[in-house]
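Contents: one structure, followed by commentary.
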Amino acid sequence: MTGTGDEKHYGHGPEQVGVPRTKKAWPEKQKGPVLVRRDQVGTSTTDQRLLDTTGPTDWLHTDPWRVLRITSEFVEGFGALAELPPAISVFGSARTPVDSPEYEAGVAIGRALAEAGYAVITGGGPGAMEAANRGASEAGGLSVGLGIELPFEQGLNEFVDLGLNFRYFFVRKTMFVKYAQGFVVLPGGLGTLDELFEALTLVQTKKVTRFPVILYGSAYWGGLYEWLKNTLVAQGKAAPHDLELFHITDEIDEVMKILAETRRPAAGSI
């Protein structure tokens, strides 16, 4: 290297220590932890948008604001359900007719759970959910409904004593699992299957402390069991012991016996 020795050409790549930097040719702004440049730089500040009552409201529907809504749903759910007694989540079809044997079974299960000191948690809708809430309410137990915003409005059934409505399915699912000591699954459709297999996956992968999952109605659930055994397990997609993650029964007394064997104190009583 030539020169007088006073030149400082060492440094990082093309930049040389001691050489003044040229001014950036693009706009740049720091928004909290976020750096924006070029056309991402806006003309207003966060405070301005917050305090400007005549400004646009599109920000209410952006992803960052949704995060706050999601957080608020968790906070409301945890706050409302934290002091529940031991509880059981009951799932089943919203399309179950009131005059059907399945509805009658739902009422009987809800009643038996309430008489055993359990709170009954359902999705709060009609059909099998209403049946379980009805049985619990009529027996003097705590009847809980966790509703969900849907394109077709259902609303919470009249037998719900403590009700919450959620925007987000995944928040609602967390409440079903967090505050229940077991699942009782009546015949149902896609929503019921979704809840059932999510519960089985959580137990299988040990994401939750194991709790009983009971399918009520062998005539309805028998075909599913055979498919799981003869297709899923037979082809190595699941282990044989995974079939032990759930029980199938037609007897309410057996439902209660299985739940009693794994009963734990309520969170508030520990």
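What you see is a predicted model; the values in this text were computed from it and never measured. Both backbone and side-chain heavy atoms feed into the values below; hydrogens, waters and symmetry mates do not.
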Q: Examine distances only and state if a side-chain atom of R95 and a backbone atom of G127 form a donor-acceptor pair shorter than 3.5 Å.
A: no
Q | Heavy-atom closest contact (A112 atom, I252 atom, distance) | A | CB-CG2, 3.9 Å
Q. Crowded around E104 CD? As in, over 12 foreign heavy atoms under 6.0 Å?
A. no
Q.
Under a plain distance cut-off of 3.5 Å, with no hydrogens placed, do T122 and N133 share a side-chain donor-acceptor pair?
A. yes
Q | Expected output: side-chain T174 to main-chain F170 donor-acceptor under 3.5 Å | A | yes
Q: Nearest 0.5 Å please: distance from the CE atom of M175 over to the CG atom of L146.
A: 8.5 Å
Q: Could you list the residues that satisfy salt bridge (charged side-chain N to carboxylate O under 4.0 Å, His left out) with E198, not counting sequence neighbours?
A: K173
Q: State which residue, out of V120, V160, L81, fulfils the side chain to side chain contact (heavy atoms under 4.5 Å, CB included) condition with V144.
A: L81
**Q.** E261, CD: over 12 other non-hydrogen atoms inside 6.0 angstrom
**A.** yes
Q | Spacing of R134 atom CZ and S143 atom OG [to the nearest 0.5 Å] | A | 12.0 Å
Q | CA sep, side-chain torsions, deciding dist, call: E102, Y220, side chain to side chain donor-acceptor pair (under 3.5 Å) | A | CA-CA 10 Å; E102 292 172 6; Y220 190 86; over 6 Å; no
**Q.** Whether D194 side chain and L190 backbone form a donor-acceptor pair below 3.5 Å
**A.** no
Q) Under 3.5 Å, side chain of Y118 to main-chain N/O of L142, donor-acceptor pair present? A) no
Q) With distance as the sole test, does S89 use its side chain to make a donor-acceptor pair with the main-chain N or O of F176 at under 3.5 Å? A) yes
Q.
Nearest 0.5 Å, please: how far is OH in Y103 from CG in D99?
A. 10.5 Å
Q) Same cluster for V171 and F91 if Ile/Leu/Val/Met/Phe/Trp/Tyr side chains link at under 4.5 Å? A) yes
**Q.** Nearest heavy atoms of P212 and I258, plus distance in Å
**A.** CB-CG2, 3.8 Å
Q) When rounded to the nearest 0.5 angstrom, what is the spacing between CG in L215 and CG in L224? A) 7.0 Å
Q: Just jot down the side-chain contact (heavy atoms from CB on, under 4.5 Å) partners of K229, sequence neighbours excluded, or say none.
A: Y225, L243
(Q) Would the distance check show the side chain of W221 and the main-chain N or O of Y216 forming a donor-acceptor pair, the cut-off being under 3.5 Å? (A) yes
**Q.** S100 side chain to P97 backbone, donor-acceptor under 3.5 Å
**A.** yes
Q: Please report the closest heavy-atom contact between A80 and L162, naming both atoms and the distance.
A: O-CD2, 3.8 Å
Q: Calculate, to the nearest 0.5 Å, the distance between atoms CG and CD belonging to L68 and E73 respectively.
A: 12.0 Å
Q: Measure centre to centre between the rings of Y168 and F166, then say whether the value is under 6.0 Å.
A: no
(Q) Does R69 qualify as a cation-pi partner of F74, given the criterion of NZ or CZ under 6.0 Å from the six-membered ring centre and within 45 degrees of its axis? (A) no
Q: Look at the side chain of D242 and the backbone N and O of A239, then say whether any donor-acceptor pair between them is shorter than 3.5 Å.
A: yes
Q. Using the benzene-type ring in the case of Trp, are the ring centres of F246 and F183 under 6.0 Å apart?
A. no
Q: With rounding to the nearest 0.5 Å, note down the distance linking CD in Q181 to CD1 in I88.
A: 6.0 Å
